[in-house]
Amino acid sequence: MIELNLPKNITTGMISKSPQTSDDIVLKIEHVTKIFDSASGRVVALEDINFTVKRGQFVSIMGPSGCGKSTLLNIIGALDRPTSGNVSINGHEIFSLGDSEIATMRNRLIGYIFQSYNLVNRSTVEINVKLPAIIAGMSTSEANRRAKKVLEELGIADKAKQKPANLSGGQQQRVAIARCLINNPAIILADEPTGNLDTKTGQDIFDMLKLLSHKFGRTIIMVTHNPELAAATDRSVLIKDGKIEKDILNKNN
Ligand SMILES: Nc1ncnc2c1ncn2[C@@H]1O[C@H](COP(=O)(O)OP(=O)(O)OP(=O)(O)O)[C@@H](O)[C@H]1O
Ligand SMILES: [Mg+2]
């Protein structure tokens, strides 16, 4: 068993188990190429990327700076369109849809965690967490109930009325995790979620993600520069110059 340094009150309430079996495919990336044409020239950021991710798998993405990790995550998260190729989530071909349908899919299916938290600093923690639920059309009472529950589960219920800027980095990242869980996403994407944190706090956040994956069956794709954290995930995909160089299953996790 892994040692987890997590709030004792984490429960199976908001952070619900994935209902499907563990061997079904939640994400399929097919022939994804991304070319940036800018004033400074043409950059092939991704070249014919193909892979699938099973439900409940915790995947790390590694590779040198500029190799295309964030570009790939942004395409999986439908924040950007590929130049060619497609991404399917739960069998929905995302880029066959129009922009407003893509926005809806992103809101319903994807939870995103960023290195710099990306919280709305003028709003309280509670409002930050509720926002994706409100956008999804949930009633205020249901959004309130869910936000309360998920904040409790992540051990930050006492911070609900605070502004994010008054919280530590680790607490802000917990708020971001709470926000990403509120709509019960099919996939959680994390771009260097421990990159701004000290080693101990970064390990706590990683342990929380690992718990979400292993205990609650969440599918997680995490970009990291930390080889030790990557080795503690189920699978590591190494990208080099926009292509998959290695794709390995990590034993003993
Ligand atoms: N909007 C953009 N316009 C032009 N080029 C871009 C754009 N976004 C990314 N790139 C280029 O695409 C390549 C991949 O960038 P990306 O941000 O995906 O790298 P990364 O692997 O996430 O790097 P890091 O580890 O530094 O975060 C780089 O050469 C980058 O300069
Ligand atoms: Mg990046």
Side-chain angles (χ1 to χ4, degrees), residues 2 4-6 27 29 32 34 36 43 45-46 49 51 53 57-80 82 87 106 109-121 128-129 132 154 156 164-165 167-181 185-214 218-248 250 253:
I2 44 169
L4 287 163
N5 183 11
L6 286 162
L27 173 70
I29 299 168
V32 163
K34 179 69 182 180
F36 291 108
V43 176
L46 296 172
I49 298 281
F51 70 95
V53 175
Q57 199 167 43
F58 189 0
V59 182
S60 51
I61 298 187
M62 298 266 289
S65 186
C67 72
K69 304 180 296 296
S70 295
T71 304
L72 178 60
L73 224 59
N74 289 345
I75 288 173
I76 298 171
L79 293 172
D80 201 0
V87 172
R106 187 192 309 129
L109 297 178
I110 305 287
Y112 223 116
I113 304 167
F114 300 89
Q115 178 173 358
S116 49
Y117 327 123
N118 285 24
L119 300 170
V120 181
N121 280 315
N128 268 275
V129 172
L154 296 182
I156 45 170
L167 272 54
S168 70
Q171 289 166 340
Q172 289 191 58
Q173 199 58 298
R174 281 176 190 232
V175 176
I177 294 174
R179 177 182 61 182
C180 103
L181 287 169
I187 302 180
I188 295 172
L189 302 174
D191 197 348
E192 300 191 48
T194 65
N196 279 9
L197 304 172
D198 63 75
T199 307
K200 155 99 182 46
T201 312
Q203 186 69 46
D204 286 349
I205 292 295
F206 175 79
D207 289 345
M208 188 169 274
L209 294 176
K210 190 154 172 170
L211 182 90
L212 287 172
S213 165
H214 286 194
R218 296 276 142 193
T219 309
I220 304 178
I221 303 178
M222 177 187 76
V223 169
T224 183
H225 281 285
N226 183 327
E228 285 167 21
L229 294 186
T233 64
D234 300 326
R235 172 183 175 192
S236 296
V237 175
L238 183 69
I239 299 186
K240 197 176 169 198
D241 297 330
K243 295 185 199 135
I244 293 180
E245 190 177 62
K246 271 190 200 155
D247 187 345
I248 51 168
N250 295 315
N253 289 312

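No experiment lies behind these values; they were computed from the predicted model shown.
- Not counting sequence neighbours, the partners of Ser116 by the side-chain contact (heavy atoms from CB on, under 4.5 Å) test are Asn118, Asn196.
- Among all heavy-atom pairs drawn from Pro164 and Leu119, the shortest one is CB-CD1, 3.8 Å.
- The minimum heavy-atom distance linking Leu197 with Gly202 is given by the pair CB-N, 3.8 Å.
- The shortest distance between side-chain heavy atoms of Ile29 and Val53 does not fall below 4.5 Å.
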**Request:** Show your reasoning for whether side-chain contact (heavy atoms from CB on, under 4.5 Å) applies to Leu79 and Ile110.
**Result:** CA-CA 10 Å; Leu79 293 172; Ile110 305 287; over 6 Å; no
**Item:** Evaluation steps, side-chain contact (heavy atoms from CB on, under 4.5 Å), between Phe206 and Met222
**Value:** CA-CA 10 Å; Phe206 175 79; Met222 177 187 76; 3.8 Å; yes
**Item:** Derivation of the side-chain contact (heavy atoms from CB on, under 4.5 Å) call for Ser168 and Thr201
**Value:** CA-CA 10 Å; Ser168 70; Thr201 312; 5.9 Å; no
**Item:** Derivation of the side-chain contact (heavy atoms from CB on, under 4.5 Å) call for Leu229 and Gln203
**Value:** CA-CA 8 Å; Leu229 294 186; Gln203 186 69 46; 3.7 Å; yes
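- Nearest heavy atom pair, residue Pro185 against residue Gly111, reads CB-N, 3.5 Å.
- Considering every non-hydrogen atom in both Asn121 and Ala165, the closest pair reads OD1-N, 3.6 Å.
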Anything under 3.5 Å between a donor and an acceptor, one on a side chain of residues 58-67, the other on a protein residue two or more places apart or in another chain? List them.
unit_1, atom_1, unit_2, atom_2, d
Ser60, OG, Ala230, O, 3.4
Ser60, OG, Thr233, OG1, 2.8
Ser60, OG, Arg235, O, 3.2
Ser60, OG, Ser236, OG, 2.9

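- Under the 6.0 Å distance and 45° angle rule, Lys34 counts as a cation-pi partner of Phe36.
- For the pair Leu46 and Gly68, the tightest heavy-atom approach, listed with the atom from each and the gap, is CD2-O, 3.5 Å.
- Each of Gln172, Arg179, Arg174 was compared with Tyr117 under the side chain to side chain contact (heavy atoms under 4.5 Å, CB included) criterion, and only Gln172 meets it.
- One N or O on the side chain of Gln173 and one on the backbone of Phe114 form a donor-acceptor pair closer than 3.5 Å.
- Arg218 places no side-chain N or O within donor-acceptor distance of the main-chain N or O of Leu212, the cut-off being under 3.5 Å.
- Closest non-hydrogen pair, Pro193 versus Ile113, comes out as CB-CG2, 4.1 Å.
- Counting heavy atoms of neighbouring residues, nucleotides and ligands inside a 6.0 Å radius, atom CG of Asp241 does not exceed 12 of them.
- For Lys246, there are no salt bridge (charged side-chain N to carboxylate O under 4.0 Å, His left out) partners, not counting sequence neighbours.
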